[in-house]
Visitor: 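This is the structure I have questions about; it appears just below.
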Amino acid sequence: NKGHFVNRCLIIPTASFRRGEGYYRQYDTIIYPEKKNKGYLGRLGDLVYGGSSTIPANEPMRQKCLMTYLDKLQNDLTHCEIHANYTVDYVVAFAMQVVTCLTTQRIAHDDKPTVWNDEKLIIFMLTGWIFPIIDTVKNFPVSTPEENGKIVMTAIILICIVGKLLGTKQLQPHDIPVPYAASMLQMLCLSPDLENKKCLDYEFVRSVIPNHYVKDVTEAISGLGNYLITTAADIEHVEWFYCLPILHFLNNCTKPFETLDLHVPVDTFVFNDRYLKLGTFCNRVAEKEGFFERHFEKLKPLLHIDPMLQCAFAYVCPLKDRSHLIHNLSPYLCIG
């Protein structure tokens, strides 16, 4: 508070300190020394000797702070190497705490309390921090179920962060380009061992999602899936199918490789449509020729691990296209 430094301090609301929650972190922006107007000769000296009399504007300063605080996490997610002791909720909470602190700061400047808001930082978090991770991970080579499990975990973390950013109301769904929404959902695709009937990548993912956080993950994934179903101008985006097994398994609707009694027509099967707006998709796909014939093969492996996905596939498939499914699904589902 002396010399060339601005007299300011952070105000931490007492509501932030909650009994039994461990510790609280408060992230500040960069504190620069106050620079006096040096005049013409002073500015000329800065040019010659590399000095500066300009304090960065608020927006780029906060962006720099965000990248500094979250640089290691971004690097870990980009390489799908999350610390073994970290869970999905912990990583999401850490990222959002940094964003919250930098977006809204309660400052005492010369004994006058004020609030600094920077809504543009939310958009930067999406475009400058999340999108680069997706650009790398969506092309990440996968050779083992363990590696795929880390990719799925990374996708869930990113989707949950996006959900939290949307919850601030400073980010709108239309700010998320459809290709990025589709990529995040495609990264949720499980890689089952069909021979041994194991789904090791899901077992890993389930181990890093605490029971109390299942609802948050479900809402975030469902929200992004419904966004793709209702918004994508090109209905050929079927990446939302990849999130259904995760949703079904997390919410105990079914288990990997579980056998369900499908010897009933689909119209009498009690189908759970609470996660995605499949009825909306049915209406959009009804006039699309050859849609399921084009997409069935790449989705086929998932049908073996999640029997409810068979029901969903038959549910959204128009009757005129069900001949393509007859050799792969229960006949009762195809004729229902």
Side-chain angles (χ1 to χ4, degrees), residues 72-95 130-164 180-225 238-258 275-276 298-309:
K72 184 180 185 306
L73 179 58
Q74 185 187 44
N75 184 69
D76 289 346
L77 290 172
T78 300
H79 294 89
C80 298
E81 290 295 341
I82 305 299
H83 192 283
N85 294 328
Y86 288 175
T87 55
V88 169
D89 59 324
Y90 177 87
V91 177
V92 174
F94 168 68
I130 292 177
F131 285 176
I133 297 175
I134 297 172
D135 288 335
T136 299
V137 177
K138 69 181 181 181
N139 299 315
F140 205 78
V142 179
S143 59
T144 66
E146 290 78 7
E147 289 179 351
N148 193 61
K150 293 179 179 180
I151 292 176
V152 176
M153 178 185 180
T154 298
I156 291 175
I157 290 171
L158 295 179
I159 292 171
C160 287
I161 292 175
V162 168
K164 298 293 185 184
Y180 280 102
S183 292
M184 282 188 280
L185 291 171
Q186 187 164 6
M187 287 158 55
L188 294 175
C189 184
L190 297 173
S191 181
D193 181 350
L194 299 180
E195 183 178 353
N196 297 308
K197 291 189 175 183
K198 291 184 178 181
C199 198
L200 298 179
D201 44 5
Y202 173 72
E203 291 178 12
F204 167 76
V205 169
R206 187 63 186 90
S207 71
V208 295
I209 302 177
N211 291 334
H212 71 84
Y213 206 67
V214 167
K215 182 179 178 181
D216 295 76
V217 172
T218 299
E219 291 177 351
I221 294 176
S222 299
L224 192 64
V238 295
E239 289 84 359
W240 55 268
F241 258 111
Y242 296 124
C243 75
L244 279 174
I246 291 283
L247 293 176
H248 293 158
F249 299 159
L250 283 177
N251 291 278
N252 298 316
C253 299
T254 184
K255 298 178 181 178
F257 296 102
E258 185 177 41
Y275 302 121
L276 298 182
K298 63 181 179 182
L299 297 170
K300 185 177 176 180
L302 294 178
L303 301 178
H304 295 284
I305 64 169
D306 181 10
M308 282 198 69
L309 192 60

Visitor: Keeping the roles fixed (side chain from N251, backbone from C253), state whether a donor-acceptor pair exists under 3.5 Å.
Guide: no
Visitor: In Å, rounded to the nearest 0.5 Å, how long is the span from CD1 of I157 to CZ of F94?
Guide: 12.0 Å
Visitor: For S222 and L247, work out which heavy atoms get closest and say how close.
Guide: OG-CD1, 3.8 Å
Visitor: Using the test side-chain contact (heavy atoms from CB on, under 4.5 Å), find all partners of E258 that sit at least two apart in sequence or belong to another chain.
Guide: T254, K255, L260
Visitor: Taking atom SG of C199 and atom NE2 of H304, what is their separation to the nearest 0.5 Å?
Guide: 13.0 Å
Visitor: Taking only residues two or more places apart in sequence, or in another chain, which ones meet P132 in a side-chain contact (heavy atoms from CB on, under 4.5 Å)?
Guide: Q74
Visitor: What's the separation between atom CG in L158 and atom CZ in F131, rounded to the nearest 0.5 Å?
Guide: 10.5 Å
Visitor: Name each donor-acceptor pair under 3.5 Å that joins a side chain in residues 208-216 to protein atoms two or more places apart or in another chain, with its distance.
Guide:
from	atom 1	to	atom 2	distance (Å)
N211	OD1	R206	NH2	2.6
H212	NE2	D89	OD2	3.3

Visitor: What pairs meet the salt bridge (charged side-chain N to carboxylate O under 4.0 Å, His left out) rule with one or both residues in residues 147-156, with sequence neighbours excluded?
Guide: E81-K150
Visitor: Quick one: OG1 on T78 to CD1 on I133, what's the gap to the nearest 0.5 Å?
Guide: 4.5 Å
Visitor: Provide the full list of ring pair (Phe, Tyr, Trp, His ring centres under 6.0 Å) pairs with a residue in residues 188-208, sequence neighbours left out, each pair given once.
Guide: Y202-F249
Visitor: N196: what forms a side-chain contact (heavy atoms from CB on, under 4.5 Å) with it, not counting sequence neighbours?
Guide: D193, K198
Visitor: Using side chain to side chain contact (heavy atoms under 4.5 Å, CB included) as the criterion, point out the one residue from L188, L190, L250 that pairs with P245.
Guide: L190
Visitor: I156 vs I159, test: side-chain contact (heavy atoms from CB on, under 4.5 Å). Steps then yes/no.
Guide: CA-CA 5 Å; I156 291 175; I159 292 171; 5.7 Å; no
Visitor: For N85 and Y90, which I'm curious about, is there any donor-acceptor pair between the side chains at under 3.5 Å?
Guide: no
Visitor: Would you sort out whether I82 and M153 count as a side-chain contact (heavy atoms from CB on, under 4.5 Å), showing the intermediate values?
Guide: CA-CA 9 Å; I82 305 299; M153 178 185 180; 3.7 Å; yes
Visitor: Without swapping roles, check the side chain of D201 against the backbone of S191 for a donor-acceptor pair under 3.5 Å.
Guide: yes
Visitor: Looking only at non-hydrogen atoms, find the nearest pair between A220 and C160 and report the distance.
Guide: CB-CA, 3.9 Å
Visitor: Do W240 and L185 make a side-chain contact, defined as non-hydrogen atoms from C-beta onward lying under 4.5 Å apart?
Guide: yes
Visitor: For the atom pair CG (N148) and SG (C189), what is the distance rounded to the nearest 0.5 Å?
Guide: 7.0 Å
Visitor: Looking only at heavy atoms, what is the nearest atom pair of M187 and I134, with distance?
Guide: SD-CG2, 4.5 Å
Visitor: State, with a plain yes or no, whether a side-chain heavy atom of V137 is found less than 4.5 Å away from one of C80.
Guide: yes
Visitor: Does M308 form a side-chain contact (heavy atoms from CB on, under 4.5 Å) with L244? I'd like the steps, not just the answer.
Guide: CA-CA 9 Å; M308 282 198 69; L244 279 174; over 6 Å; no
Visitor: Could you check D76 against Y86 for side-chain contact (heavy atoms from CB on, under 4.5 Å), going step by step and ending with a plain yes or no?
Guide: CA-CA 12 Å; D76 289 346; Y86 288 175; 5.8 Å; no
Visitor: Heavy atoms only: give me the nearest F257-L194 pair and the separation to one decimal.
Guide: CE2-CD2, 4.0 Å
